[in-house]
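Presented below is the structure to which this report refers.
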Amino acid sequence: MTATKKRFLLLIISGIFSINSLACGGGDWEYKYSYYNFFNQYLLANQTMHPFLHCPYEAFCVDDDIRFDENAIDWQHYFNDKPSLEDVNLFIYKSDIDDCVQLQNLINGVSESSLHDKLLLKNTVYKHLKKHKKENVLAYLIYAKKCENLTYQQEYSWQQGEYYDEQLPQDPNFFANIIEEGIELYKNEKDKYLKARYGFQLVRLAHYSFQFEKSVDFFNKYVENLKTKNYIYYRALEQKAGALRGLDRNIEANVDFITVFTKLADRRMTCVKSLKINDQNMWDNVASRLTDPTVLNFIRAFKNGEELFEMEQISNHDPNSVYLDVLMLRYLNKAEAVRFSRYNDPYSYGFESDKLEQFNQIVSQVNNKRNNRDDLWVLAESYSNLFINNFDTAQILLKTISSSSNFYEQAQILDFITRMESNKDSLSLEMCNEFYVEFNKSETLKANSSINDYIFQYFSNYYTSVGDKVAAGLCVNAYDFTWNRYSLMHINYIRQFELFFNKEKPNALEKHLIKKAPDALDDLLNEMRGTYYMQTNQLKKAYKEFKKLPDNFKEEYFNAETKVNYGYENDGFPLYDAAIFSGAVRHYFSSSYTNLCDNTHLKFNFLKVEDVIINKTDLLRMMIQIENKALKKDKNTAYYYYMLGNVWYNLGPEGWYKQILQFHYNVDESRNSKFFNYMAKFDVDIPLKYYELALENTSDRELEAKIHFMMAKTVQYAEQYPQLYFDSFLILNNEYRNTNYFKEVIKECTYFDRYVNPEKYRD
């Protein structure tokens with residue numbers, strides 16, 4: 001056995017050549033946005049082959065801008081190219097049976113009064129038919145529309161010759177009658193073009209009514225005998241191939257499907273899906289009957305993803321084959337997705353990066369074999385050199401693309417990317433600025449969305465490498481002043497932002513980044529500093545920063561104009577009110593907290609005042625006031641500490657008022673490469689400290705019960721306190737069963753009820 005045949009056999013035995021290897025459904029957009037796409041594979045001149053480019057989440061790359069009008073064009077030629085293609089499409093596909101009957105009558109002098117669509121009278125196809133008395137065309141269209149969508153079952157598979165068992169109940173004579181009608185029309189028709197189309201309908205009807213032998217016979221009798229291999233001939237051949245599949249004559253079926261694939265662009269996808277070549281014997285038998293076996297190499301590469309091996313085979317047979325163009329672009333796109341992945345762990349579809357050298361050699365060899373200079377392949381050879389880091393060779397090749405070439409803009413893009421890649425390990429601030437200036441002056445570069453994204457990630461990587469997290473974050477838009485201000489940030493980084501935005505002599509790149517600064521920057525930085533101090537329980541420092549803000553400071557989440565919105569319909573609740581100082585057994589984000597809390601705040605006149613808290617400054621002022629009251633040690637000290645614990649719980653990730661400080665759990669700050677950490681950690685020790693102080697200063701059993709429950713809620717998701725949650729439940733159950741609060745918790749909290757009464761929840 002030759003090495004080539006061994007290779008074939010290994011591929012086939014592994015099952016890679018099965019139709020099941022085709023992805024279907026999904027959404028290729030997800031793949032496109034997983035990497036930076038600099039090489040446009042749709043530059044392929046033969047647009048009819050675009051469906052076979054690389055779109056891994058889809059069976060085919062379906063481009064809505066590409067139309068397959070082969071059938072309409074065939075009709076247009078039959079009409080001596082007189083009607084417009086648009087009119088042909090409208091007339092053939094949009095008219096119904098009644099329209100065709102009425103138009104046929106019109107040609108024969110009958111009134112137009114019952115015509116469904118009067119616009120058809122202006123259609124250039126109808127005018128041509130009327131002028132030449134071609135009512136026989138309308139007779140055919142009437143029959144074709146009768147046959148349209150007729151099958152013997154509910155649904156067909158996506159492959160020709162694949163059938164489901166479930167059938168629609170039909171009159172057994174139904175297909176016999178319509179087939180007999182078609183045979184009579186065929187016999188009476190003198191026009192060979194229309195006879196062939198009647199023949200197609202007959203082959204199709206027999207195929208779809210499971211009369212497979214008859215379908216093959218009809219093809220030979222009513223189509224092949226006409227000895228006219230036009231568009232409809234190959235449409236009929238495709239139907240015959242489906243019938244052959246139904247007869248298990250799979251070698252002949254595969255040969256016919258491949259023949260149609262090579263002849264009709266609009267049927268290629270269906271033919272590829274219909275092929276079944278599952279072993280070496282089938283491969284050899286099919287290949288032996290083809291004059292050009294490269295189509296098999298191409299289809300196999302499309303199905304199993306082994307482009308390199310098949311490219312070599314096709315190149316030896318025909319280095320100018322369009323199949324080589326498609327396979328080259330497919331492989332190049334895969335290589336690009338790995339080299340320029342947007343993520344650290346790219347989904348590479350089993351891509352073998354160690355074969356990039358081989359790809360480069362194949363591309364170079366094909367490029368040299370081509371009869372005429374092909375700029376698409378020059379670009380491909382350049383890009384393949386980039387993939388193996390031969391940057392000088394890549395640039396030399398790009399310089400051969402002239403400004404008059406259709407590929408010149410693509411060459412400019414690749415030249416820019418090649419130079420960036422060649423310098424990424426020796427970058428300087430000056431070099432980054434030079435790249436930015438060049439990018440900003442080029443409409444071609446700016447128009448490419450991937451370059452827009454990539455260049456600023458490139459700059460961000462540089463700034464990160466030199467420790468400038470401020471510029472790094474700004475490059476990738478990591479710092480969003482509108483909603484990420486409340487993130488836990490180190491105060492020194494806030495100062496770095498302030499210094500960066502006030503640079504005296506920024507370069508062009510830095511000026512671009514500085515333009516991202518919002519209006520009233522100083523106010524926003526003061527608010528950020530205040531929020532940072534508040535997050536870390538440095539209340540007096542926070543209050544000092546907030547007092548610097550103007551009275552009309554209106555940023556979201558800072559004042560009462562912000563309404564709570566957790567994605568529910570009832571999202572109009574105020575974010576600031578005194579109820580934040582109260583606790584609750586449970587709260588629902590779709591309900592106002594004031595209706596669910598224990599109303600502890602209403603025990604105190606200074607918290608009963610309407611609008612006592614309308615913004616973060618007021619909240620902070622009240623927190624400081626309550627803490628000062630607690631330090632005086634009076635009869636309400638325990639309640640003051642309890643309320644401070646509540647406010648911190650309510651500001652945390654499980655709290656109803658969590659938007660005020662934007663706290664979140666479970667963040668590994670060490671892995672966050674951006675300037676700030678927008679998933680801020682919540683310090684559960686802060687509310688716990690206040691709850692413990694409340695316990696130390698009270699003998700009120702109802703209040704003690706509340707405190708223990710709130711402590712359990714606080715540490716429910718805190719890994720550093722694995723036992724405190726259950727200890728609090730244990731204390732409530734053992735020591736506070738006779739309190740009213742215990743009864744309320746049992747009723748409202750399923751977790752606690754399950755703990756106290758586990759037998760209720762056993763199967």
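Below, each value reflects all heavy atoms present in this structure, side chains not excepted, and no hydrogens, waters or symmetry copies.
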Query - Side chains of Thr531 and Gln535, donor plus acceptor under 3.5 Å - result: no

Query raised in the report: Can you tell which of Gln496, Lys503, Glu498 makes a side-chain contact (heavy atoms from CB on, under 4.5 Å) with Phe500?
Result: Lys503

Query raised in the report: Given Phe546, which of Phe558, Tyr532, Phe553 fulfils the ring pair (Phe, Tyr, Trp, His ring centres under 6.0 Å) condition?
Result: Phe558

Query raised in the report: For Asn628, does the CG atom have more than 12 heavy-atom neighbours from other residues, nucleotides or ligands under 6.0 Å away?
Result: yes

Report task. For the residue pair Glu704 and Tyr736, confirm or rule out a side-chain donor-acceptor distance under 3.5 Å. Result -> yes

Query raised in the report: Is the number of heavy atoms from other residues, nucleotides or ligands under 6.0 Å of Lys603 NZ greater than 12?
Result: no

Query raised in the report: Have Ser582 and His601 got a donor and an acceptor in their side chains that come within less than 3.5 Å?
Result: yes

Requested in this report: May I ask you to check whether Asn740 and Glu744 show a side-chain donor-acceptor distance below 3.5 Å?
Outcome: no

Query raised in the report: Do Asn507 and Tyr436 meet the criterion of a side-chain donor-acceptor pair at a distance under 3.5 Å?
Result: no

Query raised in the report: Have Tyr642 and Asp598 got a donor and an acceptor in their side chains that come within less than 3.5 Å?
Result: yes

Query raised in the report: Are a donor atom and an acceptor atom from the side chains of Asn646 and Tyr691 found within less than 3.5 Å of each other?
Result: yes

**Report entry** More than 12 heavy atoms from other groups under 6.0 Å of NZ on Lys515
**Finding:** no

Report task. For Asp551, look at atom CG and say whether over 12 heavy atoms of other residues, nucleotides or ligands are found less than 6.0 Å away. Result -> no

Query raised in the report: Is Glu748 salt-bridged to Arg586, cutoff N-O under 4.0 Å?
Result: no

Report task. Would you name the heavy atoms of Ile580 and Asn650 that are closest together and state the gap between them? Result -> O-ND2, 2.8 Å

**Report entry** Nearest heavy atoms of Ser460 and Val476, plus distance in Å
**Finding:** CB-CG1, 3.6 Å

**Report entry** Considering all heavy atoms, the nearest Lys446-Asn440 contact
**Finding:** NZ-O, 3.1 Å

Query raised in the report: Do the side-chain N and O atoms of Asn448 and Tyr454 include a donor-acceptor pair separated by under 3.5 angstrom?
Result: no

Report summary line: Met534 and Trp648 have their tightest heavy-atom pair at O-CH2, 2.9 Å

Query raised in the report: Quick one: do the Asp727 and Tyr721 side chains pair a donor with an acceptor below 3.5 Å?
Result: no

Query raised in the report: CD of Glu610: more than 12 outside heavy atoms within 6.0 angstrom?
Result: no

Requested in this report: State plainly whether the residues Glu692 and Lys689 are in salt-bridge range, i.e. N to O under 4.0 Å.
Outcome: no

